[in-house]
Amino acid sequence: MQNKKKDVAKNNDWKSRLGMVYSTNPDYVYEEDTLPETETLPKARQRLRVRMEKAGRKGKTVTLVTGFVGTEEDLKVLSRYLKTKLSTGGSTKDGEIVIQGDVREQVVALLRADGYMDVK
């Protein structure tokens, strides 16, 4: 009986249940509604857009790469590749790659060299 409670506690992470109403049922197991991740398109079929943005970033200039269709892990791999090649910082958020500084031309050149055909 004690091991069953430990297994249930391991599988029920509280962060995934923030919007749930409390249940008094001791046997209740919360089930998440998760959507399957989209499959990553081949590089030649990706339609990536590269733009510079300054608004809402305390005057700092960043380069945004949008339009990536695929898994979050593949997006992080692409972001890591770009940041390494450009020797700059950045992040991934909401399906976008954010790279510090105005490096649009270099990003477009790197993406085309890596096999992404439709980059603007």
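We're numbering straight along the sequence, starting at 1.
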Side-chain heavy atoms of Phe68 within contact of Leu41, under 4.5 Å:
no
Working to the nearest 0.5 angstrom, can you tell me the gap between Lys120 NZ and Arg49 CZ?
5.0 Å
Less than 3.5 Å apart, any donor N or O on the side chain of Asp74 or Thr40 sitting next to an acceptor on the other?
yes
Kindly work out whether a path of hydrophobic side-chain contacts (I/L/V/M/F/W/Y, heavy atoms less than 4.5 Å apart) joins Leu64 to Leu78.
no
Are the side chains of Val108 and Glu105 in touch, meaning some heavy atoms are under 4.5 Å apart?
no
Could you give me the CA-CA distance, side-chain angles and deciding distance for Arg112 and Val107, then say whether side chain to side chain contact (heavy atoms under 4.5 Å, CB included) is met?
CA-CA 9 Å; Arg112 286 193 177 142; Val107 169; over 6 Å; no
Measure the spacing between CD of Gln106 and OG of Ser87 and express it to the nearest 0.5 Å.
11.0 Å
Can Tyr81 be reached from Leu111 by stepping across I, L, V, M, F, W or Y side chains whose heavy atoms are under 4.5 Å apart?
yes
Thr84 (side chain) donor-acceptor with Arg80 (main chain) under 3.5 angstrom
yes
Taking all non-hydrogen atoms of both residues, which atom of Ser91 and which atom of Ser79 are closest, and how far apart?
O-OG, 4.1 Å
If you define the side chain from C-beta out and look only at heavy atoms, does anything of Val98 sit under 4.5 Å from Thr92?
no
Could you check whether any side-chain heavy atom of Val62 comes within less than 4.5 Å of a side-chain heavy atom of Ile99, counting everything from C-beta outward?
no
Test of understanding: with side chain to side chain donor-acceptor pair (under 3.5 Å), list the residues that count as partners of Arg45, not counting sequence neighbours.
none
If you define the side chain from C-beta out and look only at heavy atoms, does anything of Thr66 sit under 4.5 Å from Val50?
no
Would a 4.5 Å heavy-atom cut-off, applied to side chains only, mark Val69 and Gln46 as touching?
yes
Counting neighbours of NZ on Lys85 that are heavy atoms of other residues, nucleotides or ligands and sit closer than 6.0 Å, is the number greater than 12?
no
Tell me whether Thr63 contacts the main-chain N or O of Val103 through its side chain, where contact means a donor paired with an acceptor under 3.5 Å.
yes
Salt-bridge test for Glu72 and Lys76: reply yes if a basic N is under 4.0 Å from a carboxylate O, no otherwise.
no
Please check this pair: side chain of Thr61 against backbone of Gly101, looking for a donor-acceptor N/O pair closer than 3.5 Å.
no
Please indicate whether Arg47 has more than 12 foreign heavy atoms, meaning atoms of other residues, nucleotides or ligands, lying under 6.0 Å from its CZ.
no
Measuring from Arg51:CZ to Arg104:CZ, what's the distance to the nearest 0.5 Å?
11.0 Å
Below 4.5 Å, heavy atoms only, C-beta onward: do Val65 and Glu96 meet side chain to side chain?
no
Side-chain touch Leu110/Tyr116, heavy atoms, less than 4.5 angstrom:
no
